[in-house]
Trainee: 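A single structure is presented below for examination.
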Amino acid sequence: MRSMYVLRTVTGILGAAAMLWSQAAPTTAIRAGKLFDPKSGQMLANQVVLIQGERIMGVGPAASVPIPAGAKLIDLSRATVLPGLIDGHLHLTDAAGGLQHQMIVALHSATESLKAGYTTQVVQGTHGGGFADVELKRAIEQGLVQGPRLLPAGPILAITAPGAGPYPLEVKPSEVEIVKDGPDALRAGVRELAHYGADHVKIHTTGAFYFKPNGEMVNQALPSLEELKAVVDEAHRRGMFVASHTYGGDGLKWAIEAGVDDIQHATAATDEDIKMILKKNLPVTSTILDHRQDEPGDLKQWAPYSRWRLVEQTWKKMLKAGVRLGYGSGSTPVSNGQGRIFNAECNCSHGVQSEMFPILVSWGATPLYTLRMATTVNAEIIHWQDKVGTIEKGKFADLIATSGDPLQDITEMQRVKFVMKGGAVVKDDLSAHNDETLKNAAK
């Protein structure tokens with residue numbers, strides 16, 4: 001009883017301290033010429049957003065939301081303000097060098113994408129970086145470094161898959177993934193991830209692939225259905241969701257049946273697969289820029305067939321069928337010379353993933369649809385709809401801004417000029433210019 005009393009007392013003190021801090025936190029007011037509301041699909045004119053600490057305290061028309069005396073004013077009255085973007089599939093580390101190198105690469109990758117407007121990032125496996133993504137998340141939350149909101153997966157959970165690995169004669173090489181076989185062992189792998197701070201589980205359900213002469217893509221299934229069911233069940237017991245690398249074939253069918261929470265890619269989904277995805281109301285996050293980057297290698301082996309060409313066909317079918325489609329880039333660091341390069345000019349993929357927006361529009365999506373993918377849809381997929389995805393009272397003050405209107409010109413998303421995460425300005429190429437313009441006009 002005494003321990004319970006102490007716990008309640010401490011909790012009360014902390015709660016009171018948090019309330020006092022919130023009341024003492026300075027207020028920031030943002031004047032938005034246009035403000036994008038993903039729920040209504042509208043661009044709201046002449047809005048004011050009030051921010052205290054890291055949360056939004058109010059939002060509405062300038063005529064009905066007075067700016068408190070002494071508030072810091074950020075003038076974006078000539079800009080379009082949107083919720084911070086969510087990248088549902090990226091990698092921050094590159095398996096090169098030691099832990100120190102991994103942490104530097106992870107921080108660089110995360111901040112480059114943050115400056116491009118991706119205030120929330122879902123790390124889909126560290127690719128040899130151990131738990132570097134978890135450690136970076138902790139450092140950001142502790143205020144040691146500035147960075148985005150991270151949902152780390154840690155190492156990918158995998159079975160012993162066919163391959164060409166060297167047999168360890170004297171010294172066993174370090175594993176880049178947590179390798180487990182059988183339902184019970186995979187459950188233990190999920191518990192290990194949870195123990196070390198991963199927010200979700202990333203697992204490969206398909207591996208090696210090839211294209212037949214008729215264009216059919218053949219994908220090797222990895223875990224059995226029973227193994228996948230065990231992973232999903234154990235993850236849900238631990239309050240985690242499961243994302244899978246999945247192209248097609250039995251690996252996709254089993255992922256659907258097991259109820260994987262977010263199927264990544266679904267590159268070779270059949271009409272029957274799409275029907276089952278709809279029946280279970282599962283989301284699919286198809287990365288496309290990585291397929292585009294791998295196009296030359298695919299064509300060298302299987303021309304005229306490739307993942308890039310197949311994912312376009314599949315994505316269009318899923319869009320038409322009404323599948324919940326998430327936004328994920330597949331960005332990777334390129335410091336080891338092997339990462340994917342989405343943009344040759346900057347030799348990078350982090351920070352330029354918004355090249356996806358106009359591509360998806362060219363595939364038949366409306367600009368509104370793509371913006372919802374990267375905001376409200378992704379927020380629901382990661383179960384953060386009460387925290388991010390819209391500019392609403394009580395949510396994190398994660399906002400971005402562009403000069404023009406992305407609903408009219410979706411390429412504006414490639415030119416994000418203002419980024420705020422949790423009430424802190426990360427990038428501002430707009431408000432200072434606006435202030436100078438207003439001063440000159442007043443002369």
Trainee: Is Tyr196 atom OH crowded by more than 12 heavy atoms from other residues, nucleotides or ligands, each under 6.0 Å away?
Mentor: no

Trainee: What are the two closest non-hydrogen atoms of Gly251 and Thr206, and how far apart are they?
Mentor: CA-CG2, 3.7 Å

Trainee: Would you mind reporting whether Asp87 and Thr120 have side-chain heavy atoms less than 4.5 Å apart?
Mentor: no

Trainee: Quick one about Asp133 and Thr126 (side-chain donor to acceptor, distance below 3.5 Å, no hydrogens or angles considered), yes or no?
Mentor: no

Trainee: Evaluate the criterion side-chain hydrogen bond (donor to acceptor under 3.5 Å, both in side chains) for residue pair Gln353 and Ser113; output intermediate values, then yes/no.
Mentor: CA-CA 8 Å; Gln353 55 262 57; Ser113 287; 3.0 Å; yes

Trainee: First locate atom CD1 of Ile74, then atom CD1 of Ile51, and finally report the distance between them rounded to the nearest 0.5 Å.
Mentor: 6.5 Å

Trainee: Do we see a donor-acceptor contact under 3.5 Å between the side chains of Lys39 and Thr376?
Mentor: no

Trainee: For Gln301, look at atom CD and say whether over 12 heavy atoms of other residues, nucleotides or ligands are found less than 6.0 Å away.
Mentor: yes

Trainee: Are any of the side-chain nitrogens in Lys115 or Glu112 under 4.0 Å away from the carboxylate oxygens of its partner?
Mentor: yes

Trainee: For residues Thr375 and Ile86, determine if any side-chain heavy atom of one lies less than 4.5 Å from a side-chain heavy atom of the other.
Mentor: no

Trainee: How far apart are the C-alpha atoms of Leu325 and Thr285, what are their side-chain angles, what is the distance that settles it, and do they pass the side-chain contact (heavy atoms from CB on, under 4.5 Å) test?
Mentor: CA-CA 6 Å; Leu325 297 172; Thr285 302; over 6 Å; no

Trainee: Any salt bridge between Asp409 and Arg415, counting N to O under 4.0 Å?
Mentor: yes

Trainee: Evaluate whether atom CZ of Arg31 has more than 12 neighbouring non-hydrogen atoms of other residues, nucleotides or ligands under 6.0 angstrom away.
Mentor: no

Trainee: Indicate whether any N or O donor in one side chain lies under 3.5 Å from an N or O acceptor in the other, for Asp405 and Thr80.
Mentor: no

Trainee: Heavy atoms, side chains only, cut-off 4.5 Å: are Met43 and Leu35 in contact?
Mentor: no

Trainee: Where the side chain of Lys34 meets the backbone of Arg78, is there a donor-acceptor pair that is under 3.5 Å apart?
Mentor: no

Trainee: Among His101, His108, Met103, whose side-chain contact (heavy atoms from CB on, under 4.5 Å) with Val105 holds?
Mentor: His101

Trainee: Backbone N or O of Lys253 within a donor-acceptor pair of the Asp273 side chain at under 3.5 Å?
Mentor: no

Trainee: Could you tell me if the side chain of Leu282 sits less than 4.5 Å from the side chain of Arg324, heavy atoms only?
Mentor: no

Trainee: Does the side chain of Thr332 pick up a donor-acceptor pair with the side chain of His91 at under 3.5 Å?
Mentor: no

Trainee: Do Asn347 and Val334 come within less than 4.5 Å of each other through their side chains, counting heavy atoms only?
Mentor: yes

Trainee: Taking only Lys NZ, Arg NE, NH1 and NH2, and the carboxylate oxygens of Asp or Glu, determine whether Asp428 and Lys417 approach each other closer than 4.0 Å.
Mentor: no

Trainee: With the side chain counted from C-beta on, respond yes when Leu360 and Met373 share a heavy-atom pair under 4.5 Å apart, and no when they do not.
Mentor: yes

Trainee: Give a yes or no on whether a salt bridge exists between Lys280 and Glu257, defined as a side-chain N under 4.0 angstrom from a carboxylate O.
Mentor: no

Trainee: Run the salt-bridge test on Glu295 and Arg292 with the 4.0 Å N-O cut-off and return the result as yes or no.
Mentor: no

Trainee: Side chains of Ile410 and Thr366: closer than 4.5 Å at any heavy-atom pair?
Mentor: no

Trainee: Return the minimal non-hydrogen interatomic distance between Ala198 and Ala153, and the atom names on each side.
Mentor: CB-O, 3.6 Å

Trainee: Compare every heavy atom of Ala268 with every heavy atom of Gly248, then report the nearest pair and how far apart it is.
Mentor: CA-CB, 4.1 Å

Trainee: Can you tell which of Val232, Leu157, Val190, Asp233 makes a side-chain contact (heavy atoms from CB on, under 4.5 Å) with Val242?
Mentor: Val232

Trainee: Take Trp315 and Lys317 through the test side-chain contact (heavy atoms from CB on, under 4.5 Å) and record every step on the way to the result.
Mentor: CA-CA 5 Å; Trp315 196 89; Lys317 288 195 296 183; over 6 Å; no

Trainee: Centres of the Trp308 and Trp363 rings: under 6.0 Å?
Mentor: yes

Trainee: Do Glu141 and Arg149 meet the salt-bridge criterion of a basic N to acidic O distance under 4.0 Å?
Mentor: no

Trainee: How far apart are the C-alpha atoms of Thr270 and Glu272, what are their side-chain angles, what is the distance that settles it, and do they pass the side-chain hydrogen bond (donor to acceptor under 3.5 Å, both in side chains) test?
Mentor: CA-CA 5 Å; Thr270 64; Glu272 186 61 33; over 6 Å; no

Trainee: Counting only N and O atoms by type, is there a donor-acceptor contact under 3.5 Å from the side chain of Glu54 to the main-chain atoms of Ala397?
Mentor: no

Trainee: Step by step, work out the side-chain hydrogen bond (donor to acceptor under 3.5 Å, both in side chains) result for Asp261 and His383.
Mentor: CA-CA 10 Å; Asp261 300 285; His383 311 293; 4.9 Å; no

Trainee: Any chance you could lay out the side-chain hydrogen bond (donor to acceptor under 3.5 Å, both in side chains) test for Tyr247 and Thr205, step after step, and finish with the verdict?
Mentor: CA-CA 8 Å; Tyr247 280 170; Thr205 73; over 6 Å; no

Trainee: So, for Phe209 and Trp302, is the gap between ring centers shorter than 6.0 Å?
Mentor: yes

Trainee: Between Glu177 and His204, is any side-chain donor less than 3.5 angstrom from a side-chain acceptor?
Mentor: no

Trainee: Mind listing the closest non-hydrogen atom pair of Gly88 and Val122 along with its distance?
Mentor: O-CB, 3.6 Å

Trainee: In chain order, what residues pass the ring pair (Phe, Tyr, Trp, His ring centres under 6.0 Å) check against Tyr305, with sequence neighbours excluded?
Mentor: none

Trainee: Can a donor-acceptor pair be found between the side chains of Ser354 and Tyr118 at a distance below 3.5 Å?
Mentor: yes

Trainee: With a 3.5 Å cut-off and no angle check, do the side chains of Gln264 and His89 form a donor-acceptor pair?
Mentor: yes

Trainee: Is it the case that atom NE2 in His236 sees more than 12 heavy atoms from other parts of the structure closer than 6.0 Å?
Mentor: yes

Trainee: Could you report the tightest heavy-atom contact between Ala32 and Val81, atom names first, then the distance?
Mentor: CB-CG2, 3.5 Å

Trainee: For atom NZ of Lys316, is the number of surrounding heavy atoms from other residues, nucleotides or ligands below 6.0 Å larger than 12?
Mentor: yes

Trainee: Salt-bridge test for Asp298 and Arg309: reply yes if a basic N is under 4.0 Å from a carboxylate O, no otherwise.
Mentor: no

Trainee: Between Phe241 and His200, how do the two ring planes meet: parallel, tilted or perpendicular, split at 30° and 60°?
Mentor: parallel

Trainee: Please evaluate residues Thr370 and Val361 with respect to the criterion side-chain contact (heavy atoms from CB on, under 4.5 Å), reporting the C-alpha separation (whole Å), side-chain torsions for both, the decisive distance (0.1 Å), and the verdict.
Mentor: CA-CA 7 Å; Thr370 63; Val361 169; 4.0 Å; yes

Trainee: Can you name the nearest heavy-atom pair linking Leu252 to Thr246, along with the distance?
Mentor: CA-CG2, 3.3 Å

Trainee: Contact between Met413 and Ile400 at the side-chain level, heavy atoms closer than 4.5 Å - yes or no?
Mentor: yes

Trainee: Has the side chain of Ser362 got a donor or acceptor atom that lies under 3.5 Å from a matching backbone atom of Ile359?
Mentor: yes

